Amino acid sequence: MQFQSFLQDTSTCTKALIEAQVDKCAYVTAACADEWDYLNFIGLYYCHLNENFFVGLLVCFVFILISLQFLGTTADAFLAESLEVLTKKMKISDAVAGVTFLALGKSANDVITGIVAGGKSSNGVLIATGGLLGACLFTITIVFARCIQGAGHIRIVKSSFLRDSGFMLLALIYLFIIASVGPVTLPMVCVFFVFYAIYFAVVVYQAYNVPEIKLPIDHPLPHDEENDPLMPEAGKTNDNTELTKKPPAKEKNIEETGLEEEEEDYPDNLYGRFMYRYDQVLLWVRQLTMPQFDDENYNKWMAFAPPVFGLLFCGWILGILPTSKAWVWYTFLGVAVALEILIFAFRNQNLAEKAGGVSAFITFFISILWIDLIASAFLDMLDLLAIMSGLPLNFLSLTVLAWGNSMDDFFIDYTISKRGKGPMAITSVFGGQLFNFLIGLGGSLFRNVLANGPISFNLFSGGESNDLKLFQIICTTVGVFTIIVVTSLKKFEVGKSMMWFLILFYLVFFVGSSVISIIV
């Protein structure tokens, strides 16, 4: 994602520079070429929409709806289902799954982006800090609240919650200390990595040496999913059972298409029929890239698609393809042909039953790539919104950038929680952000300090940028501490009152950040 590069003061793709040009289309074509990953919204606005503000907003609004729909169905139909199979096949606990597969899958792109930003300039590190901390506060408040909304009521495992939130609180306090005392040196940065290693060791030890607390199945409070505007039609369900329980199989066209959604799950009107066909097409496109892991609905003909389309998709998203190097294409072709021969040899067997764990792992990985694709395109759209709005760079980094980076958390954790795995979702909320914070920010600082020497945060030097950073660190630290206290007072059972408290806390932070950006 290039949005962090766009937010740097040295960027040539800013509203002021663009507006000063006579031929704005030619300028953005040259100056903004590196500011987008997949969709050039800036070029569309200045070269094809004639800078029509309202049409630009309409395009952004429609794309937001499409993105949210796609993210939701990907998380619900592929990532959550493959995670279920993985945890069963590998016999790992929800806690370990939350800080490994979920945390790594959701945070890998943000971590890489932060590390890349660290190699640009000290300003790039500070912008990355704002984005990561903003995403952290958004996730532990709004995404946490969204998980409660999905489950209706969550009985949090006390030991896991205190471990995750406690490590997060200590990490934030450490950041505040090193950012306040003076230049941050390399030994100070290495503490971030040591801190996460200790955290991971504690998680693994607790998972396999401390007796697991067996909680009764949560019976969520009433939750009107059908009227939830943020949940795609294909992802809505009245099934409040645990993730490991599946609804009984129904007679449908699954044998022919491999698709999982029923037409009767959609409203019986023009909109419902359109959304059904729309979802089926997109589900089918994604299924072409992912191996089947559901042995009950296995389709032997669909099994031939992923070796070709899956490899091409992975190569494209990972930046390997397209390429001018012939040996890379021959390698991909050789692997695809070998897999096709293997599938043909076992065409009369249920490969999902024989190798369901491997298929689930591959599907989990590819579903993360799909989510990364849409989230990256979402940030491409935010580039245009940033230029159109003209808001301060630091404010955008801790709000708009944070929202964009948190889209996958917003849907993945909600989906996991909705399926009866509230404790796993909460572990993912804190574990994923701890991974982001310690490895992402730590990696960004490590690369920058290694290349340019000690870096100073200048928290108490005054000015909009420093005041925003100080306000953000304080709010995130106070937020984690407050969540620990309130959750403990509620005896680790959270419902709607906690949900509204979390939303209110984030709104206070957002208003405060806005005031600082406007007044200071």
Side-chain angles (χ1 to χ4, degrees), residues 1-71 109-110 112-114 116-117 119-121 123-124 126-128 130-132 134-135 138 316-319 322 369-408 465 514 517:
M1 300 180 187
Q2 303 297 324
F3 194 72
Q4 286 178 331
S5 171
F6 170 79
L7 287 175
Q8 295 197 42
D9 292 336
T10 56
S11 173
T12 57
C13 189
T14 62
K15 183 179 179 65
L17 291 175
I18 295 173
E19 295 298 328
Q21 307 302 315
V22 176
D23 190 342
K24 298 175 184 176
C25 176
Y27 180 80
V28 299
T29 301
C32 303
D34 295 330
E35 309 298 344
W36 54 276
D37 284 322
Y38 298 106
L39 298 176
N40 187 5
F41 283 93
I42 299 176
L44 174 67
Y45 180 70
Y46 283 100
C47 299
H48 303 286
L49 299 181
N50 297 320
E51 302 177 52
N52 190 310
F53 184 81
F54 295 103
V55 175
L57 282 182
L58 178 62
V59 169
C60 292
F61 177 74
V62 172
F63 184 77
I64 288 173
L65 294 181
I66 294 174
S67 299
L68 297 182
Q69 170 80 7
F70 198 93
L71 286 168
N109 186 74
D110 299 337
I112 293 172
T113 304
V116 170
K120 295 181 178 180
S121 66
N123 183 64
L126 300 180
I127 294 297
L132 289 170
F138 181 86
W316 175 52
I317 296 298
L318 296 176
L369 294 184
W370 275 107
I371 291 173
D372 175 71
L373 169 65
I374 301 304
S376 296
F378 188 86
L379 289 183
D380 292 340
M381 180 271 298
L382 293 183
D383 286 350
L384 175 60
L385 284 182
I387 290 178
M388 293 172 63
S389 66
L391 292 171
L393 299 181
N394 288 281
F395 177 74
L396 289 173
S397 72
L398 59 89
T399 53
V400 179
L401 174 60
W403 301 338
N405 282 343
S406 302
M407 282 296 100
D408 45 3
S465 176
S514 302
S517 299

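Source: prediction; values computed, not measured.
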Verdict with supporting geometry, L369 and L318, side chain to side chain contact (heavy atoms under 4.5 Å, CB included): CA-CA 8 Å; L369 294 184; L318 296 176; 4.2 Å; yes
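For the pair L57 and L385, the minimum side-chain heavy-atom distance is below 4.5 Å. Using a 4.5 Å heavy-atom threshold, the side chains of T12 and Y27 count as touching. Side-chain contact between W316 and L373 is present, with at least one heavy-atom pair separated by less than 4.5 Å. Side chains of I387 and I42 form a contact here, defined as non-hydrogen atoms less than 4.5 Å apart. By the 4.5 Å heavy-atom criterion applied to side chains, L65 and Q69 are not counted as neighbours.
Pairs of residues two or more places apart, or lying in two chains, that qualify as salt bridge (charged side-chain N to carboxylate O under 4.0 Å, His left out) and include a residue from residues 20-33 are E19-K24, K24-E51.
Applying the 6.0 Å contact sphere to OH of Y38 captures more than 12 heavy atoms from other residues, nucleotides or ligands.
For C60, the disulfide (SG to SG under 2.5 Å) test picks out no residue, with sequence neighbours left out.
Summarising the geometry, atom CD1 belonging to I374 is positioned 9.5 Å from atom CD1 belonging to I66; distances are rounded to the nearest 0.5 Å. Note: L44 CG to L39 CG = 9.5 Å, rounded to the nearest 0.5 Å. Taken to the nearest 0.5 Å, the OH atom of Y46 stands 4.5 Å off from the CD1 atom of I18.
Looking at N52, its side chain does come within 3.5 Å of a backbone N or O of F54 through a donor-acceptor pair. The closest donor-acceptor contact from the side chain of D380 to the backbone of N40 lies at 3.5 Å or more, if one exists at all.
C13 and A31 make their closest contact through CB-O, 4.1 Å (heavy atoms, listed as atom of the first residue, atom of the second, distance). Contact between C25 and T29 at its shortest, heavy atoms only, is O-OG1, 2.7 Å. M381 and F63 get closest at one heavy-atom pair: CB-CD2, 4.0 Å.
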